[in-house]
Amino acid sequence: MKKILPSEITPYSTYLNRRKFVKTASAFSIATSLSLSAKALHNNDSSKYISKLDENDELNTYEEITTYNNFYEFGMGKSDPSNNSSLFNPKPWTIKIEGLVEKPLEINLEDLLKKIQIEDRIYRLRCVEAWSMVIPWQGFPLSELIKIASPLSSAKYIQFVTIFRPEEMPGQKRRLLPWPYVEGLRMDEAMNPLTILSTGLYGHDLLNQNGAPLRLVVPWKYGFKSIKSIETIRFVEKQPSATWSMVAPNEYGFYSNVNNTVDHPRWSQATERRIGEFMRRPTLMFNGYEEEVAHLYKDMDLQTYY
Ligand SMILES: Nc1nc2c(c(=O)[nH]1)N[C@H]1C(S)=C(S)[C@@H](COP(=O)(O)O)O[C@H]1N2
Ligand SMILES: [Mo]
């Protein structure tokens with residue numbers, strides 16, 4: 001793992017890296033100091049998202065976020081992704097846009113990032129295994145890329161595909177999962193302003209273990225929906241297949257919204273372990289983003305569509 005020099009994180013250390021700070025500052029000063037710092041970094045107002053953090057939420061450290069990972073392409077253990085990903089080279093990167101679009105596209109990521117505004121989003125990430133973190137991402141709304149892609153009106157879902165490079169991703173040489181990893185969203189979920197494609201965290205480009213150079217972040221869904229190192233974005237008419245729901249359909253559904261009332265067949269989803277904390281905390285409906293996303297599911301039985 002690349003070592004971060006103290007000098008590199010100085011601009012963040014005054015606010016982002018202080019685990020205790022959310023508890024000690026008032027709501028107003030949090031919003032103000034965070035949005036000012038975010039502005040200084042990216043010239044962008046992210047205060048409305050930052051204010052969505054609960055007063056009990058503290059940012060996880062850069063160390064925690066980059067050494068405790070799930071990324072089976074590099075192995076099944078939590079430290080495998082940070083230990084086994086040094087051969088992976090995410091630069092340069094081409095994103096393929098295909099399926100139900102006016103014209104299939106190949107986009108060079110470096111070119112795209114020159115045109116797109118990068119924003120800060122601090123989100124809770126809740127893994128289906130019942131641990132969670134709070135992560136300060138940088139990225140852009142998926143809706144921006146959908147606009148560029150110009151999908152046809154027949155496109156109702158999007159499928160995402162992780163790159164397949166067994167020479168650089170040792171886990172792909174073993175049959176840990178069917179490769180490549182795939183995931184999907186319904187179009188309205190994909191267009192929701194909370195849904196982002198992330199390019200960085202804590203102001204640094206994504207490290208390989210976090211899904212460099214581009215990964216999805218869907219904060220109201222279990223972490224496995226947030227697919228990493230995306231190569232292909234495919235617009236489709238029917239609900240696409242997704243890796244974990246193919247492997248164990250009775251345990252992992254297509255929707256996989258964080259839901260404290262629908263347990264996993266083998267464990268409760270009512271509480272979670274926040275990495276860095278001792279006491280378990282209650283899991284929030286839609287991971288705390290109910291106000292923003294509950295309307296997407298108002299006519300659905302979430303027990304059936306888990
Ligand atoms: N391609 C790919 N994407 C993936 C995974 C994976 O194994 N392969 N794991 C998922 C799971 S289970 C979780 S919880 C999150 C973890 O993201 P993080 O390691 O950045 O915290 O990535 C998700 N994205
Ligand atoms: Mo996960």
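As the structure lists them, so they are numbered: ligands from 1, and atoms in each ligand from 1.
- Side-chain contact, N70 with K78: a donor N or O sits under 3.5 Å from an acceptor N or O.
- Summary of contacts: the protein heavy atom closest to atom 6 (C) of ligand 1 is Y181 CE1, 3.5 Å.
- Atom 10 (C) of ligand 1 has as its closest protein heavy atom F224 CA, 3.6 Å.
- Y72 N, 2.8 Å is the protein heavy atom nearest to atom 7 (O) of ligand 1.
- The heavy atom nearest to atom 20 (O) of ligand 1, out of those in M133, R215, R126, is found in R215.
- Residues that satisfy the side-chain hydrogen bond (donor to acceptor under 3.5 Å, both in side chains) test with W131, not counting sequence neighbours, are E129.
- Every atom of ligand 1 is numbered from 1 in the order shown, and the set under 4.0 Å from a heavy atom of T162 is 1 (N).
- Residue W244 places no N or O, backbone or side chain, under 3.5 Å from any N or O of ligand 1.
- Near C127, meaning under 4.0 Å from any of its heavy atoms, are these atoms of ligand 1: 14 (S).
- Atom CZ of R281 has more than 12 neighbouring heavy atoms from other residues, nucleotides or ligands inside a 6.0 Å radius.
- The nearest heavy-atom contact from the protein to atom 21 (O) of ligand 1 is L125 CD2, 3.5 Å.
- The protein heavy atom nearest to atom 8 (N) of ligand 1 is E73 OE1, 2.8 Å.
- Counting heavy atoms from C-beta outward, R234 and E98 have side chains that approach closer than 4.5 Å.
- Remark: side-chain polar atoms of E237 are not paired, donor with acceptor, to backbone N or O of A155 under 3.5 angstrom.
- With hydrogens and angles disregarded, a donor-acceptor distance shorter than 3.5 Å links the side chain of Q209 to the backbone of T66.
- Counting heavy atoms closer than 4.0 Å to ligand 1, residue N70 contributes atoms from both its backbone and its side chain.
- In this structure, M76 places its CE atom where only 12 or fewer heavy-atom neighbours from other residues, nucleotides or ligands lie under 6.0 Å away.
- With respect to atom 24 (N) of ligand 1, the closest heavy atom belonging to the protein is S226 O, 2.9 Å.
- Taking the side-chain hydrogen bond (donor to acceptor under 3.5 Å, both in side chains) definition, one finds that N83 meets it with nothing, sequence neighbours left out.
- The protein atom (non-hydrogen) at minimum distance from atom 18 (P) of ligand 1 is K228 NZ, 3.4 Å.
- Not one N or O on the side chain of E119 forms a donor-acceptor pair closer than 3.5 Å with the backbone of P141.
- The shortest contact between atom 15 (C) of ligand 1 and any protein heavy atom is with G223 O, 3.6 Å.
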